[in-house]
2 protein chains.
Amino acid sequence: MILDSETKAVELPDDHGTELRLWLRLLTCTTLIEGEVRSRLREKFDVTLPRFDLMAQLDKVSDGMTLSDLSKRMMVSNGNVTGLVERLVESGHLDRRTSETDRRVQFIRLTKLGRAEFRKMAAEHEKWIADIFGDLSPKDIRELMRLLAKAKGSAQRSAKARNA
Amino acid sequence: MILDSETKAVELPDDHGTELRLWLRLLTCTTLIEGEVRSRLREKFDVTLPRFDLMAQLDKVSDGMTLSDLSKRMMVSNGNVTGLVERLVESGHLDRRTSETDRRVQFIRLTKLGRAEFRKMAAEHEKWIADIFGDLSPKDIRELMRLLAKAKGSAQRSAKARNA
DNA sequence: TGCAATTTCTTTATACTTCAAGCAATTGGC
DNA sequence: GCCAATTGCTTGAAGTATAAAGAAATTGCA
């Protein structure tokens, strides 16, 4: 701790300790919840988190999505999605058909089975999440939403600047 | 939207949409930052995030840590740590020796090389994080810290209840 | 039209990750 | 002192993840 001439605590010019601690806390918090959700999904439905996430993306649309869309929305690599989709088609949860106007493109959809199973899981999942955040007041939630939005914007600005 | 008899908006008894949206935002935010940090580590130092994280744990102590300690602190499985440590010993960053009082236990330490390289990376890393959160005011950071601590506590309570 | 750039997706190599099973060492009753 | 339970770690199988290279199709523009 550094004290100035009037014995008040001051920061070193580039002490970025608070940001680092914030990042570690954010990461811990997310990892903790993610692990919990992963366990419950495996335990109750014998499904992995990546598969659940992929199905969640597809459940939001009725007419299917391309692999590229999926990888963008899930923020994972293209090749990763290829493999996930492959296994979910194999298990009968997804359905793929090639675009008629652009033969590079594959539209991926949930099958009836896939959608039915997903809906069942999603209903439980939503309750788990509500319980996991159960100690937070509506005001806490609003504040967190606001601050995380700000953090996201800041991170995007930083990432963009690096790639410019 | 549901309206009651006096035409005021009311919630369905178990609509947990806000918690779910909070979780998705938290996850997005973390994934975004994690991806950014991962890219930069690879680009500047040709190191993976898990290796960096493991070295960060070891840098906090002078006399080494056991594999179990590492896996608890990193919140990953035991087998995962075994592999990570193996590769880092191989590359000369870590050092392992068996406990003399309990031959099951292995103490893992950073080598001189490992510590030197880590310190260099950590200094850069701290600046990246500061930049990534650069749009947040000190007050924003304090608030986020507080709310994330509360969220973490809530998640732990929920996880504990499930395993009871 | 021609053809270079781009886009979409797959493949490959390598690494990370979990879970579950298993081995060896230690501990805690009795 | 014995032995069942526990602890620390490793292994193996399956799955998830990235980056990089490549194949196929489309687009854009001279």
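Throughout, protein chains are lettered first and strands after them, A, B, ... in sequence-line order, and every chain is numbered starting at 1.
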Starting at the 5' end of DNA chain D and moving along, which residue's nearest nucleotide shows up first, A/Pro50 or B/Arg42?
A/Pro50
Carboxylate-amine/guanidinium contact A/Glu43 A/Arg40, below 4.0 Å
no
Give one of base, sugar-phosphate or nothing for A/Ser77, where a contact means two heavy atoms less than 4.0 Å apart.
base
Provide, to the nearest angstrom, the distance between the CG atom belonging to B/Asp46 and the C1' atom belonging to D/dA20.
14 Å
On DNA chain C, more 5' by nearest nucleotide between B/Gly83 and A/Leu67 is A/Leu67
Tightest non-hydrogen contact, residues A/Ser154 and B/Asp131, listed as OG-O, 4.2 Å
Which part of the nucleic acid, if any, lies within reach of A/Thr101 when heavy atoms closer than 4.0 Å are counted: base, sugar-phosphate only, or nothing?
sugar-phosphate
So, OP1 or OP2 of D/dT18: does either fall under 4.0 Å of a side-chain N or O from B/Thr48?
no
Scan A/Arg87 against the nucleic acid and name what it touches under 4.0 Å (heavy atoms): base, sugar-phosphate only, or nothing.
base
Give B/Asn80 one of three labels, base, sugar-phosphate or nothing, depending on what nucleic acid heavy atoms sit under 4.0 Å from its own.
base
Please compare A/Asp102 and B/Asp69 by the position of their nearest nucleotide in DNA chain D and report the one closer to 5'.
B/Asp69
Expressed in angstrom and rounded to an integer, what is the separation of A/Arg51 atom CZ from D/dA17 atom C1'?
14 Å
From CZ of A/Arg104 over to P of D/dT27, roughly how many Å is that when rounded to an integer?
7 Å
Side-chain N or O of B/Arg96 closer than 4.0 Å to phosphate OP1/OP2 of D/dT10
yes
A/Arg38/A/Glu34 ion pair, N-O < 4.0 Å
yes
Leading and trailing nucleotides of DNA chain C with any atom under 4.0 Å from heavy atoms of chain A:
C/dT7 to C/dC19
Looking at B/Asp63 and B/Arg109, does any basic side-chain N land under 4.0 Å from a carboxylate oxygen?
no
For A/Leu110, the option from A/Leu88, A/Asp59, A/Leu54 that meets side chain to side chain contact (heavy atoms under 4.5 Å, CB included)
A/Asp59
